[in-house]
A.B. asks: 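One structure is given below, represented as structure tokens, and several questions about it will come after.
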Amino acid sequence: MNLDKLLITSIIVFSHASLNKYTANLINYERFLLMKKSAILINTGRGGIENESDLARVLDEDLIAGAGIDVFEEEPIDSKNPLLKVKNKEKLVLTPHIAWASIEARTLLMERVIHNIQVFLNLKK
């Protein structure tokens with residue numbers, strides 16, 4: 001399925017893509033217009049995939065239901081970023097690129113680190 005058809009048919013759009021010359025500003029105002037009014041965009045991949053000014057605009061124009069953004073074009077987020085000035089703030093969740101850092105994720109990470117150290121120490125014997 002091509003991107004335009006995906007945007008037309010989806011209610012929730014997740015972006016986990018890397019940022020490169022093909023994905024920069026991939027989701028711009030024209031593509032946001034393809035989305036349903038009930039659609040939600042979530043980007044945990046890389047900032048710059050969706051055009052941040054265009055996202056702020058479609059949220060203010062009530063053209064999509066909402067967005068969750070964990071990555072930004074400039075990190076840490078600049079105080080002039082248009083997403084910080086969105087009128088419909090209830091439609092937007094911004095996190096500082098640490099959405100993975102739940103207690104559960106950090107606990108699992110530490111368990112794996114400990115396991116890896118134990119395996120390494122057993123190899124040294």
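Numbering of residues begins at 1 and proceeds along the displayed sequence.
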A.B. asks: Please report the interatomic distance CG(Leu63) to NZ(Lys37), rounded to the nearest 0.5 Å.
C.D. replies: 6.5 Å
A.B. asks: May I ask you to check whether over 12 heavy atoms, not counting those of Arg46, lie within 6.0 Å of atom CZ?
C.D. replies: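 No, CZ of Arg46 has 12 or fewer neighbouring heavy atoms, counting only those of other groups under 6.0 Å.
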A.B. asks: Minimum heavy-atom separation for Leu94 and Phe72, please, with both atom names.
C.D. replies: CD2-CE2, 3.7 Å
A.B. asks: Spell out, as yes or no, whether a donor-acceptor pair under 3.5 Å connects the side chain of Ser102 to the backbone of Ala105.
C.D. replies: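 Side chain of Ser102 to backbone of Ala105: a pair is present.
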A.B. asks: According to ring pair (Phe, Tyr, Trp, His ring centres under 6.0 Å), who are the partners of Tyr29, at least two apart in sequence or on a separate chain?
C.D. replies: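 Testing Tyr29 for ring pair (Phe, Tyr, Trp, His ring centres under 6.0 Å), a comparison that skips the adjacent residues, returns none.
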A.B. asks: Are Met35 and Val58 side-chain neighbours, meaning at least one heavy-atom pair lies under 4.5 Å?
C.D. replies: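 Side chain of Met35 against side chain of Val58, heavy atoms only: no contact under 4.5 Å found.
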A.B. asks: Identify the heavy atoms of Thr44 and His16 that sit nearest to each other, and give their distance.
C.D. replies: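 So the minimum-distance heavy-atom pair works out to OG1-ND1, 3.0 Å.
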A.B. asks: Could you check whether any side-chain heavy atom of Arg31 comes within less than 4.5 Å of a side-chain heavy atom of Asp54, counting everything from C-beta outward?
C.D. replies: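 Heavy-atom side-chain distance check fails, nothing below 4.5 Å.
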A.B. asks: Please check if any side-chain donor atom of Thr95 sits under 3.5 Å from a side-chain acceptor atom of Asp70, or the reverse.
C.D. replies: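 Yes, side-chain donor-acceptor contact under 3.5 Å.
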A.B. asks: If you group Ile, Leu, Val, Met, Phe, Trp and Tyr whenever their side-chain heavy atoms sit less than 4.5 Å apart, what else falls in with Ile42?
C.D. replies: Ile11, Ile12, Phe14, Ile40
A.B. asks: How many angstroms lie between atom CD1 of Ile8 and atom CG of Asp4, to the nearest 0.5 angstrom?
C.D. replies: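 Output value for this atom pair is 6.0 Å.
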A.B. asks: If two hydrophobic side chains count as joined below 4.5 Å and joins carry through other members, does Val93 share a cluster with Leu59?
C.D. replies: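 Cluster IDs for Val93 and Leu59 differ.
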A.B. asks: Locate the shortest heavy-atom distance separating Gly48 from Glu73; write the atom from each residue and the value.
C.D. replies: CA-CG, 3.7 Å
A.B. asks: Transitively linked via ILVMFWY side-chain contacts under 4.5 Å: Tyr22 with Met1?
C.D. replies: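 Cluster IDs for Tyr22 and Met1 differ.
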A.B. asks: How close do Thr23 and Ala17 get, heavy atom to heavy atom, and via which atoms?
C.D. replies: CG2-CB, 4.4 Å
A.B. asks: Could you grab the distance from atom CG of Leu41 to atom OG of Ser10, nearest 0.5 Å is fine?
C.D. replies: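 Between Leu41 CG and Ser10 OG, I get 11.0 Å after rounding to 0.5 Å.
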A.B. asks: Looking only at non-hydrogen atoms, find the nearest pair between Glu75 and Val71 and report the distance.
C.D. replies: OE2-CA, 3.1 Å
A.B. asks: Does Asp60 offer a backbone N or O that forms a donor-acceptor pair with the side chain of Lys91 under 3.5 Å?
C.D. replies: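 No, because the side chain of Lys91 does not come within donor-acceptor range (under 3.5 Å) of the backbone of Asp60.
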A.B. asks: Report the distance from atom CG of Asn25 to atom CD of Glu50, rounding to the nearest 0.5 Å.
C.D. replies: 9.0 Å
A.B. asks: In the structure I gave you, are the side-chain heavy atoms of Glu52 and Ile69 within less than 4.5 Å of one another anywhere?
C.D. replies: no
A.B. asks: Could you tell me if the side chain of Glu111 sits less than 4.5 Å from the side chain of Leu108, heavy atoms only?
C.D. replies: yes
A.B. asks: Among the clusters formed by ILVMFWY side chains lying less than 4.5 Å apart, do Val113 and Phe120 turn up in the same one?
C.D. replies: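 Yes.
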A.B. asks: Does a side-chain heavy-atom distance below 4.5 Å link Leu55 with Asn43?
C.D. replies: no
A.B. asks: Asn51 and Asn28: side-chain donor and acceptor closer than 3.5 Å?
C.D. replies: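 Absent: no donor and acceptor within the cut-off.
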A.B. asks: Counting only heavy atoms not in Lys87, do more than 12 fall under 6.0 Å of its NZ?
C.D. replies: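 It does not: Lys87 NZ has 12 such atoms or fewer within range.
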A.B. asks: Can you name the closest pair of heavy atoms from Leu83 and Val86 and give their distance?
C.D. replies: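 Minimum heavy-atom contact is O-CG2, 3.4 Å.
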A.B. asks: From Gln118 CD over to His115 NE2, what is the distance, rounded to the nearest 0.5 angstrom?
C.D. replies: 7.5 Å
